[in-house]
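Shown next, in structure tokens, is the structure this report addresses.
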Amino acid sequence: MGLITGIFAFLYHLPQIYKWLLKPYYLISVFMCVAFLLIRKTPGVCEHLATNREDGNPCDFDWREVEILMFLSAIVMMKNRRAITLEQHIGNLFLFSKVANVILFFRLDIRLGILYLAMCIAFVMTCKPPMYMGPEYIKYFSDKTIDEELEKDGRIAWLVEFYANWSSDCQSFAPVFADLSLKYNCSGLRFGKVDIGRYGEVSQRYKVSASPLAKQLPSLVLYQDGQEVMRRPMVDANRRAVSWTFSEDNIIREFNLNELFQKSKKPSKDHGEKAEEQNNPLPENGIDKPQSELPNPPLSTESKKDQ
């Protein structure tokens with residue numbers, strides 16, 4: 001059953017995987033993940049490699065290399081149990097595959113190990129994962145606009161993500177947060193993001209640490225009437241984040257988005273009813289006119305984009 005589920009999941013995400021493979025970041029990552037396999041199995045190259053096999057075949061894995069690869073597979077499976085998006089699964093596979101390649105190359109030849117490690121460092125410094133560019137209803141704040149937006153209208157609740165572009169967790173969470181904004185954005189519930197890696201003052205003012213050791217990125221904070229109501233992940237006494245899974249279901253449940261979405265649409269409706277009463281006052285002396293003689297109420301001009 002698990003194998004069938006995996007096959008169907010792969011086929012479902014196949015168009016997205018195909019698009020990824022066309023991007024330099026993923027092309028280079030795939031090549032670096034299979035680098036040791038290519039060198040060990042390529043005829044004309046593998047014959048010149050050292051081996052600890054009893055049969056002396058340098059073009060096949062020895063028992064220690066198989067052990068390292070099995071250990072890698074176990075770690076990837078454990079890490080992917082908490083992964084939410086396909087990007088997180090692929091990211092874990094890339095990361096630990098490169099770590100395994102470093103170990104295997106150093107064990108094979110220290111010169112190859114140093115060369116591969118230098119390639120990994122150059123890759124990390126020069127090639128960044130592609131940023132999410134899909135549809136979203138999200139307002140991006142700066143250090144000068146976030147205070148004003150959160151306090152401008154008390155009827156509007158804000159769900160704000162504090163993130164940093166260098167954080168792989170934030171990059172993996174981006175499509176999840178964008179999808180939530182498409183589903184729940186309305187006139188009384190808005191979604192916002194602020195890059196605390198760029199705006200350090202915002203990090204201090206809103207008490208969200210950008211340090212990798214604190215593991216507070218990404219952080220989701222709900223604001224109502226300009227005041228913080230809830231945040232995830234929570235922070236312990238040592239200013240470290242309490243482990244929390246950023247899945248769409250968890251966010252909907254913890255922040256009670258379904259109920260908040262229904263309540264957030266009521267203020268605009270009540271406001272529209274009051275405006276309609278002002279435009280259509282009751283006749284004097286308490287005498288009601290027939291329904292056909294009443295003036296037609298004005299049509300709503302509220303944008304459907306915010307619904």
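The minimum heavy-atom distance between A157 and L222, with the atom names listed, is CB-CD1, 4.5 Å. The nearest pair of heavy atoms linking C186 to F261 is CB-CE1, 3.7 Å. Closest non-hydrogen pair, A100 versus L72, comes out as CB-CD2, 3.8 Å. In terms of heavy-atom proximity, A210 sits nearest to I196 at CB-CD1, 4.0 Å. Taking every heavy atom of both residues into account, S209 and S203 meet most closely at CA-OG, 4.1 Å. Residues I138 and A178 come closest through the heavy atom pair CD1-CA, 4.0 Å.
Under the 4.5 Å side-chain criterion, counting only non-hydrogen atoms from C-beta, L217 is in contact with V208. Annotation: side chain of F61 is not in contact with side chain of L104 (no heavy-atom distance under 4.5 Å). Inter-residue side-chain proximity for F31 and L38 is flagged as met; some heavy-atom pair is nearer than 4.5 Å. In this structure, the side chains of L115 and R111 stay at 4.5 Å or more apart for every pair of heavy atoms. Side-chain contact check for I251 versus F173: some heavy-atom pair is nearer than 4.5 Å.
Within a 6.0 Å radius of CD in Q227, other residues, nucleotides and ligands contribute 12 heavy atoms or fewer. Residue R198 places its CZ atom among 12 or fewer non-hydrogen atoms of other residues, nucleotides or ligands, all under 6.0 Å distant. For M78, the CE atom sits in a loose shell: 12 or fewer heavy atoms of surrounding residues, nucleotides or ligands are nearer than 6.0 Å. Atom OH of Y140 sits in a crowded spot, with more than 12 heavy atoms from other residues, nucleotides or ligands closer than 6.0 Å.
Listed for the D143 side chain is no donor-acceptor partner under 3.5 Å among the backbone atoms of Y199. Formation of a donor-acceptor pair under 3.5 Å by the Q171 side chain with backbone atoms of N165 is found in this model. Not a single donor-acceptor pair under 3.5 Å links the side chain of S167 to the backbone N or O of A164. Between the E47 side chain and the G44 main chain, a donor and an acceptor come within less than 3.5 Å of each other.
Classification of D249 and R253 as a salt-bridged pair fails, no side-chain N sitting under 4.0 Å from a carboxylate O. At a threshold of 4.0 Å, the pair E65-R40 counts as salt-bridged, since one of the basic side-chain nitrogens sits closer than that to a carboxylate oxygen. D62 has no carboxylate O lying under 4.0 Å from a charged side-chain N of R64, or vice versa, which leaves the two without a salt bridge. Of the charged side-chain nitrogens involved, none lies within less than 4.0 Å of a carboxylate oxygen, so that E228 and K207 do not count as a salt-bridged pair.
Using a 4.5 Å cut-off between side-chain heavy atoms of Ile, Leu, Val, Met, Phe, Trp and Tyr, with links allowed through other members, M32 and M125 fall into the same hydrophobic cluster. Hydrophobic clustering (side-chain heavy atoms under 4.5 Å, transitive across Ile, Leu, Val, Met, Phe, Trp, Tyr) keeps W63 apart from I103. Hydrophobic clustering (side-chain heavy atoms under 4.5 Å, transitive across Ile, Leu, Val, Met, Phe, Trp, Tyr) keeps V124 apart from W166. V160 and V176 fall into different hydrophobic clusters, where Ile, Leu, Val, Met, Phe, Trp and Tyr side chains are chained together by heavy-atom contacts under 4.5 Å. Y184 and L220 end up in the same hydrophobic cluster when Ile, Leu, Val, Met, Phe, Trp and Tyr side chains are linked at under 4.5 Å.
In this structure, CD on E254 lies 10.5 Å from OG1 on T245, to the nearest 0.5 angstrom. Going from atom CE of M77 over to atom CG of L93 covers 12.5 Å, rounded to the nearest 0.5 Å. For the atom pair CG (D236) and OG (S243), the distance works out to 11.5 Å, reported to the nearest 0.5 Å. Of the inter-residue distances, the one linking F123 atom CZ with I28 atom CD1 reads 5.5 Å to the nearest 0.5 angstrom. Rounding to the nearest 0.5 angstrom, the gap separating the SG atom in C46 from the NZ atom in K41 is 8.5 Å. With values rounded to the nearest 0.5 angstrom, C33 atom SG is found 5.5 Å from K98 atom NZ.
Exactly one residue among Y223, Y206, F141 makes a ring-ring contact (aromatic ring centres under 6.0 Å, His included) with W158. That residue is F141. If you run side chain to side chain donor-acceptor pair (under 3.5 Å) between R53 and each of N57, T51, D55, only D55 comes through.
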Between I252 and K183, does a side chain to side chain contact (heavy atoms under 4.5 Å, CB included) hold up when you go through it step by step? CA-CA 11 Å; I252 294 173; K183 293 178 180 178; 5.9 Å; no
Does F106 form a side chain to side chain contact (heavy atoms under 4.5 Å, CB included) with I114? I'd like the steps, not just the answer. CA-CA 7 Å; F106 268 103; I114 294 175; 3.9 Å; yes
Evaluate the side chain to side chain contact (heavy atoms under 4.5 Å, CB included) criterion for residues F162 and V221: first the C-alpha distance (whole Å), next the side-chain angles of each, then the deciding distance (0.1 Å), finally the verdict. CA-CA 8 Å; F162 294 85; V221 185; 3.6 Å; yes
Does V235 form a side chain to side chain contact (heavy atoms under 4.5 Å, CB included) with R240? I'd like the steps, not just the answer. CA-CA 5 Å; V235 180; R240 289 180 59 87; 5.9 Å; no
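Using a 30° and 60° split on the angle between ring planes, F94 and Y26 fall in the tilted class, from 30° to 60°. Aromatic ring pairs are classed by plane angle as parallel below 30°, tilted from 30° to 60° and perpendicular above 60°; the pair F246 and W244 is perpendicular.
Ring centroids of Y137 and F191 are separated by 6.0 Å or more, keeping the two rings apart.
D169 and Y163 are not linked by any side-chain donor-acceptor pair at a separation below 3.5 angstrom, with hydrogens and angles left out of the test.
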